[in-house]
Colleague: 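One structure, as structure tokens, below. Some questions next.
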There are 2 protein chains.
Amino acid sequence: MNDSGLVRRQSGVALWRQIADRIRAAIADGSYDETGMVPPETVLAADFGVNRHTVRAALSALTQEGMLRPVQGVGTLILRRERLNFPISRRTRFTEGIGTQARELSGHVLDHAEEPASAVVAAALDVAPGTPVLRIESLRMADARAVSRSTAWYPLPRFRGIADVYARTGSVTAALKDFAVEDYVRVKTEISAVHAEPGDLSDLGLAPGAIVLVTAALNADPHGLPIQYAVSRFPADRVQFTVEG
Amino acid sequence: MNDSGLVRRQSGVALWRQIADRIRAAIADGSYDETGMVPPETVLAADFGVNRHTVRAALSALTQEGMLRPVQGVGTLILRRERLNFPISRRTRFTEGIGTQARELSGHVLDHAEEPASAVVAAALDVAPGTPVLRIESLRMADARAVSRSTAWYPLPRFRGIADVYARTGSVTAALKDFAVEDYVRVKTEISAVHAEPGDLSDLGLAPGAIVLVTAALNADPHGLPIQYAVSRFPADRVQFTVEG
DNA sequence: TGAGATTTGTCCGTATGTATG
DNA sequence: CCATACATACGGACAAATCTC
């Protein structure tokens with residue numbers, strides 16, 4: 001199922017990395033589920049039309065990522081990792097959304113500060129540009145792996161101090177409840193994908209060339225007042241979204 | 001606005017390609033809108049911490065993509081910076097969705113055939129695995145650039161012959177209307193992102209390492225009967241999605 | 001008109017990374 | 001492990017086009 005594809009040279013992406021990306025994708029869509037192993041290096045080399053050394057470099061990178069374990073005399077075992085599914089709907093909640101897909105979920109506040117609203121943030125929160133807003137940087141983990149890195153903006157003075165509550169509870173929903181927001185709805189979500197930037201490499205533990213899914217989301221209270229605008233970055237090899245109509 | 005990021009070496013992704021990706025992203029988010037030009041090569045080289053030749057290789061790639069036009073003695077002009085926005089909602093329609101964002105829209109049938117339903121397709125269309133279904137491969141263009149490559153499955157015998165109507169009209173909605181489907185709704189959309197595969201390079205005109213947004217969508221008629229299951233691939237540098245709550 | 005500054009275009013050589021056999 | 005070929009990245013120097021004063 002991984003045939004029909006010569007790999008492209010002189011493209012600025014090393015052959016071993018192109019091959020690593022394709023093997024990762026093949027593992028994700030279950031192509032090797034029957035054996036639980038990657039095909040032998042010589043077979044892969046023939047399939048991709050490259051030298052065995054090049055395949056070895058690709059497998060070595062995937063082994064480094066913790067996705068494979070080579071066993072001499074046996075083959076290269078696949079250590080399966082499922083992709084977390086993150087539902088997006090009018091009632092999007094991070095913790096409920098991931099639900100039972102991970103044993104351990106947590107949210108961490110990395111930093112927070114009050115600052116004047118940029119044009120984009122001001123438009124989203126429906127305030128004048130330059131109005132003070134609260135910015136919170138956070139990291140979400142599932143089973144000890146980073147699944148999102150967010151920057152969220154909240155209007156002031158309504159939510160002054162919410163960062164402390166979030167830091168204590170690890171939940172946005174709980175923190176909002178503390179500020180008398182019993183319910184809220186997801187008004188709009190923009191989804192795009194870009195290559196990992198230097199910040200993603202450290203925050204999300206990614207390699208250069210990796211893919212980051214980016215969402216820009218607006219949440220509002222039941223009266224329609226914007227309460228949060230957030231830009232979040234997700235590692236595409238660990239997360240997907242589902243939009244339920 | 002493009003600072004704070006040295007670029008990573010020996011990662012299997014050439015520096016010039018990493019830099020090309022970041023400049024493309026900076027163009028897309030409007031960082032250079034004031035001048036309509038990319039900063040001078042020497043400035044970019046200093047920002048990224050690389051030699052000017054390396055920046056030139058990146059700019060050369062973007063010029064090849066039709067995104068830039070260098071002018072000796074003046075600078076490097078930005079030709080194109082729009083990303084098509086594709087709204088996803090209960091009433092998702094491709095043509096209406098793209099709407100006025102492009103002057104010319106078209107859909108082309110590349111291939112179609114009847115085949116037994118795979119496990120995934122059968123589950124989506126709510127038929128028994130192996131039941132014959134109609135598969136249609138299509139390509140959608142906006143202003144002479146490919147914006148999606150889709151594989152869609154339709155239940156049989158209900159939609160036998162719909163490929164011809166789609167090929168003639170270039171519109172799924174029109175073709176469905178021909179089969180007495182006056183209205184339909186988007187039940188579910190899964191969104192993920194992967195690296196471009198060999199097929200994407202030719203179909204969507206992408207370079208290796210490029211990002212492809214993948215959607216798996218189920219449409220149903222007003223009675224809730226599944227009428228179409230489609231897996232579509234979009235070039236992430238030209239397309240983004242918006243989910244409206 | 002012209003001199004100087006700025007910016008892209010092209011050449012040289014050299015060291016390292018990638019890919020093959 | 002080796003040897004070989006090509007791509008990538010760097011450093012420097014200069015030419016050509018454009019703008020400003």
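Chain letters run A, B, ... following the sequence lines, proteins first, then strands; residues in each count from 1.
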Colleague: It should be established whether B:Thr76 places a side-chain nitrogen or oxygen under 4.0 Å from OP1 or OP2 of nucleotide C:dT8.
Modeller: yes
Colleague: How long is the line joining CG of B:Leu62 and P of C:dT8, in whole Å?
Modeller: 14 Å
Colleague: Considering only heavy atoms from C-beta outward, does the side chain of A:Val214 approach that of A:Val194 to under 4.5 Å?
Modeller: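 Result yes, sub-4.5 Å side-chain heavy-atom pair found.
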Colleague: Using whole Å, what does the distance between atom C1' of nucleotide D:dA7 and atom CZ of B:Arg17 come to?
Modeller: 14 Å
Colleague: Nucleotides 13-21 of chain D: which of its N/O atoms have a protein N/O under 3.5 Å away?
Modeller:
| residue | atom | partner | partner atom | Å |
| --- | --- | --- | --- | --- |
| D:dA17 | O4' | B:Gln72 | OE1 | 2.7 |

Colleague: Specify the separation, in whole Å, of atom CD of A:Glu41 and atom P of C:dT20.
Modeller: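 After rounding, the gap between these two atoms is 14 Å.
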Colleague: Could you go step by step and tell me if B:Thr242 and A:Glu190 meet the side chain to side chain donor-acceptor pair (under 3.5 Å) rule?
Modeller: CA-CA 4 Å; B:Thr242 300; A:Glu190 283 179 8; 4.5 Å; no
Colleague: Please check this pair: side chain of A:Ser150 against backbone of A:Ala152, looking for a donor-acceptor N/O pair closer than 3.5 Å.
Modeller: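 The answer is no, because no donor-acceptor pair under 3.5 Å joins these two groups.
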Colleague: What's the CZ-P distance between B:Arg56 and D:dC10, to the nearest Å?
Modeller: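 After rounding, the reported distance stands at 14 Å.
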Colleague: Can you measure A:Gln18 atom CD to C:dT18 atom C1' for me and round it to whole angstrom units?
Modeller: 12 Å
Colleague: Are B:Glu114 and B:Arg135 close enough for a salt bridge, meaning some N to O gap below 4.0 Å?
Modeller: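 Answer for the salt bridge query: no.
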Colleague: Closer than 4.0 angstrom, basic N to acidic O: yes or no for B:Arg233 and B:Asp200?
Modeller: yes
Colleague: Roughly how many Å is it from CH2 in B:Trp16 to P in D:dC10, rounded to a whole number?
Modeller: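 Result: 14 Å.
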Colleague: Report yes if at least one side-chain N or O of A:Thr54 is closer than 4.0 Å to OP1 or OP2 of C:dT18; otherwise report no.
Modeller: no
Colleague: Nearest whole Å is fine: how far is D:dC10 P from B:Leu15 CG?
Modeller: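 In whole Å, D:dC10 P and B:Leu15 CG are 6 Å from each other.
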Colleague: Nearest-Å distance, CZ (B:Arg69) to C1' (C:dG9)?
Modeller: 17 Å
Colleague: Is the phosphate of D:dG11 approached by B:Asn51 (side-chain N or O, under 4.0 Å from OP1 or OP2)?
Modeller: yes
Colleague: Which pairs of donor and acceptor atoms, one on a side chain in residues 55-64 of chain B, lie under 3.5 Å apart (sequence neighbours left out)?
Modeller:
| residue | atom | partner | partner atom | Å |
| --- | --- | --- | --- | --- |
| B:Arg56 | NH1 | B:Glu41 | OE1 | 3.4 |
| B:Arg56 | NH1 | B:Glu41 | OE2 | 2.9 |
| B:Thr63 | OG1 | B:Leu59 | O | 2.8 |

Colleague: Would you please indicate if the ring centroids of A:Phe86 and A:Phe94 are separated by under 6.0 Å?
Modeller: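 Close enough - the centres of the two rings lie under 6.0 Å apart.
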